[in-house]
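Every heavy atom of this structure was used, including side-chain atoms; hydrogens, water molecules and symmetry mates were not. Order of the sequence lines fixes the chain letters, A, B, ..., with proteins taken first and strands second; residue numbering starts at 1 for each chain.
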Amino acid sequence: MHQDSTSEMDWLPMEAVLRSDLNRTAHGKGGGNARRALFTAMAGIFASSQAKGQVQVGPLTPVDRIRRDNLYYLVNRASFGFTPALYSEAVQRGYEGWLDWQLNPENISDTEAEQALSAFPSVSLSAAQLYAAYGPGGAAGDPQDVVRDLRGARVVRAVRSERQLFERVVEFWGDHLNVPPADGPLQFFRTVYDSEVIRQHALGYFPDLLMASAKSAAMLIYLNGNENVAGAPNENYAREVMELHTLGVDGGYNENDIYELARCFTGWTLYPPTSSQIGDFYFNPSLHDNGSKVVMGQPIPTGGGLGDGEEMLLFLASHPSTAAYVTKKLATHLLDYDPPQALLDEAASVFLATGGHIKEVVRVILSGRWIDVVDPWNTPKISRPLHFVSSLLRTPGVELTSPIGVLNSLFVMGHLPFGWEAPDGYPDSADAWGTSVLPRWDFAYRVFGGLVPGVSASAGALYAALGSPGLSNLTERASGLLANRNLKPSEVQLVEDFVQSGVTSGGEELLRSTLALIASCPSYQYL
Amino acid sequence: MKNIKGHKPQGASKASAKLSRRGFLGTTAAAGAVSLSNVALGGRRGSDRGRDVLVNVFLRGGLDGLSAVVPYGDSDLYVARPSLAIDPPGQVGGALNLDGFFGLNPACAPLLNAYQQGDLAIIHATGSTDPSRSHFSAQYLMETGTPNLSYLGLTDGWIARHLKSVAPIGRGDLRALGLKPVLPRSLVGAPGTLPVANPADLDFPGGPGLAAAYRNILETSYGVAAEPLKGAASAGLSAIDTLGAIDFDNYQPENGAAYPQGGFGSALTSAAAMIKADIGLECLQIDINGWDHHSGQGPQNGLLAMMLDDFSQGLDAFYRDMQAELGRVTLVVMTEFGRRVAENGSAGTDHGHGGVMFVLGGSVNGGQVFSQWPGLDPASLGNGDLPITTDYRDVLAEILQLRLGNASVRDVFPQHTPQFHGVVA
């Protein structure tokens, strides 16, 4: 059903003509929609000709493009990188079956990742335990060790976890509700935020996630909620919760709504480090502004206390602007820079109908029904550095033993986990990530050269992972191992010429270089 | 409205100093036509009289202009900011007088050098005409040079549009750099441009034996790739060649300039080395994050003072180091907005509107604060914010037209007819 259709698709003469039309259209205003409309119209023609196997119109001209591989599309987007094993799992379970499997991470055994996480003992600790072990006089280390653990665990989970889709969604919420572990108590509370807010609710219900975030020590400190008091409101959180977390900047609120919402949150604070309930949410009625308020036309009567802010969060979480904004951002993260409107409409309506059930929204977004309209083979999305790096580290034959060297590379690439300082989280655009390729080439070269500290990649292990290839099939095996052969024919040819040229000293150098070159090709930079 | 525009300290002998410097530059540019780099440029620089290199410094988060350049002459400042305002000059911790009305935050003391030499100008009550108090909208508007969010489809940065509308100074393969890992919006869409976190650390992968083969494969495969990968590869390969020839590690600042430790200082050091190497770079951008001080702002002795100190030391070191090149460098400092005039309840300030810009360079009409001061009395404010009386695009357009040879600045800033204020000559 999802079989590989490389052979006929690579030799479609009309498709080359069509593509040049599409490219022209794409430069005009509204190119994305026009392109899709044209593609949809033309798709029927190709579907019928393919069905009959009739593609012999005019002279055959090779079309230099990535093949159509639906399961690769799914597996690579719903993970931190294709592996042959993950792909096999998808072949066995089928497209939607694999998706459903990944959408229920609690049913996926993850012992290998859990064992690897034992190297980062602080990530599973509570705030009180962190203060005791890493605070002043703590025996386990200092606060920077906690941040180092958190970053290392991020990489290890991306590389090792079997719950790959869950980790991708965790990555999304970590950016969407960003809190950097900059300094002071945030170094502790960011870890708790990760375990008790983001990971707890990543595939759960959006209102729960938003509420947990709003009441977390990390967010209360980062956006100054704990200093927002009656008579002198601090607007920081009220602004960002509407602009970034829920409605979006065009979501229908104004400056006065920000001020009024800030009043709703006055008195929201946390227990201090001296308390046994350190970092827990605490509502201080004496600091709350109990006057009446109006937020986005919603009257809030006097005396509402804690309910003022809680009810407004639920209002925001269920607002149609929120459904549209958050689901579009999630679809962009998982799929494509410009997801089709029909998909977005359905994702938003599922968001509203299910009370913001994130699992069901993700199921809609990744559904195989959209593949032809998303058309990822013609409008590819550039992977962010964490995805690129993890993909390489997930390659059989490569073994991550310590994340230190990898974190350094991610820093150079501008994508150090938890390294974004502003509340909007790391960007997700071609402008941000497609404009710098040197660090990617460098990392590919070093990882397959066995030159990244903390990463082993012995020639023997790589050779075995490639199935003991010879000179004649090294390129094909390498492109299969890294990308299920989802490279452009011209790229494969360039690498093949290199392999056959004898420019290397042979053997080990040839093996390592071939892998590095494939990982450096343009096609490998895409999701 | 108090118009103090054009206030200038007495006795500034700027004009003569500038003339001699430009005369010197003109000579060297002509003589340089026989140098190796100018042979490669086809002698273009000789005919072009050397357009300035632009260094754009963006302070992200919203610098509090009222704390950096203090309008101590406006008594309403001390009403709105009972705990945060910097005291007038003459008091302990008081502002450093600039012109009898404005004074620098004491942490900005290193800026006095360039200011008094007439090479640093300050523009106050400036910013975007769009009222957004969102960091992200305001940065986006400012960096795309657009007037409001109806231009959201226009994703090119203003520096990118500038570069597209002028001929390259050099070969054109490497025209601008963002000195950070991720390309800033101002440079998005620019030809021959890439982000480089550390220009001293660019190596081509593959080692000496395989580099040529690697390069062939990457040049060929990226040569037919879609943008932005295609341009990124091309600019990246040029950067390896061009920047690789500069000895950053042994770079010695001139005139005793001492760049501060840390990200800003090292970015400025790299910028200085690259400008002096004369490799055809036209624009550089440096970002400093972290100016969003809603709480515990610390303009006197705290966090903001520390950041202003680092910033000012950096600019002064660059100014000293670049003395011989000052006639072909303009550095501009901008931020997405200023902060609310009244302090909040947590010893900080919330997002506001009007802010401050700095312009440094040999052709700057410095030693003055350009401002039509709106006044800080509540009736003069806009929604509690300092109104904007100088559009930031006016300042940028003037620099582009007069110092960077751009004859079509209206294409760079859509729907804006710039007014020049005499910030640069």
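Proximity to chain A (any heavy atom under 4.5 Å) is shown, for B:Ile217, by both the backbone and the side chain. Interface remark: A:Ile258 contributes no atoms to any contact with chain B (heavy atom separation under 4.5 Å). Contacts of B:Leu202 with chain A are made by side-chain atoms alone, with heavy-atom separations under 4.5 Å and no backbone atom involved. Contact of A:Pro423 with chain B is made through backbone and side chain together, with heavy-atom distances under 4.5 Å. Contact of A:Leu223 with chain B is not made at all, since no heavy-atom distance falls under 4.5 Å. In this structure, chain A has no heavy atom under 4.5 Å from any part of B:Ala347. Heavy atoms of A:Asp431 lying under 4.5 Å from chain B belong to its backbone as well as its side chain. Within the 4.5 angstrom heavy-atom criterion, only side-chain atoms of A:Tyr526, from C-beta onward, approach chain B. Contacts between B:Ala233 and chain A at a heavy-atom distance below 4.5 Å involve backbone atoms as well as side-chain atoms. Heavy-atom distances place no part of B:Val196 under 4.5 Å from chain A, backbone and side chain included.
Few gaps surround NZ on A:Lys329; more than 12 heavy atoms of other groups in view lie less than 6.0 Å from it. Within 6.0 Å of CD on B:Gln415 lie no more than 12 heavy atoms contributed by other residues, nucleotides or ligands. Surrounding NZ of B:Lys180 are more than 12 heavy atoms belonging to other residues, nucleotides or ligands, all under 6.0 Å away.
Proximity of A:Val412 to B:Pro181: side-chain heavy atoms (C-beta onward) are nowhere separated by under 4.5 Å.
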Please report the C-alpha distance between A:Arg239 and B:Asp350 in whole Å, then the side-chain angles of each, then the deciding distance to 0.1 Å, and finally whether the salt bridge (charged side-chain N to carboxylate O under 4.0 Å, His left out) criterion is met. CA-CA 10 Å; A:Arg239 176 184 305 278; B:Asp350 292 319; over 6 Å; no
Given the rule in the side chain to side chain donor-acceptor pair (under 3.5 Å) test, do B:Ser295 and A:Glu227 qualify, once you have shown the distances and angles that lead to the verdict? CA-CA 8 Å; B:Ser295 159; A:Glu227 302 180 66; 2.5 Å; yes
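To the nearest 0.5 angstrom, B:Phe136 atom CZ is 5.0 Å from A:Glu240 atom CD. Going from atom CG of B:Asn383 over to atom OH of A:Tyr259 covers 11.5 Å, rounded to the nearest 0.5 Å. Distance CG/A:Asp424 to NE2/B:His135: 9.0 Å, rounded to 0.5 Å.
Comment: A:Glu421 does not engage B:Arg60 in a salt bridge, judged by the lack of any side-chain N to carboxylate O separation of less than 4.0 angstrom.
Ranked by heavy-atom pairs shorter than 4.5 Å toward chain B, the options A:Gly414, A:Pro380, A:Gly434 are led by A:Gly434. For the set A:Gln493, A:His415, A:Glu491, A:Gln525, the entry with the most heavy-atom pairs within less than 4.5 Å of chain B is A:Gln525. Contact count versus chain B (heavy atoms, under 4.5 Å) is highest, among A:Asp442, A:Asn228, A:Val503, for A:Val503. With chain B as partner, the option from A:Ala422, A:Pro427, A:Ser513 having the largest number of non-hydrogen pairs under 4.5 angstrom is A:Ser513.
Under the 3.5 Å distance criterion, the side-chain polar atoms of A:Asn234 are matched with a main-chain donor or acceptor of B:His294.
Just one of A:Leu494, A:Val495, A:Leu517 meets the side chain to side chain contact (heavy atoms under 4.5 Å, CB included) condition when paired with B:Ser221; it is A:Leu494.
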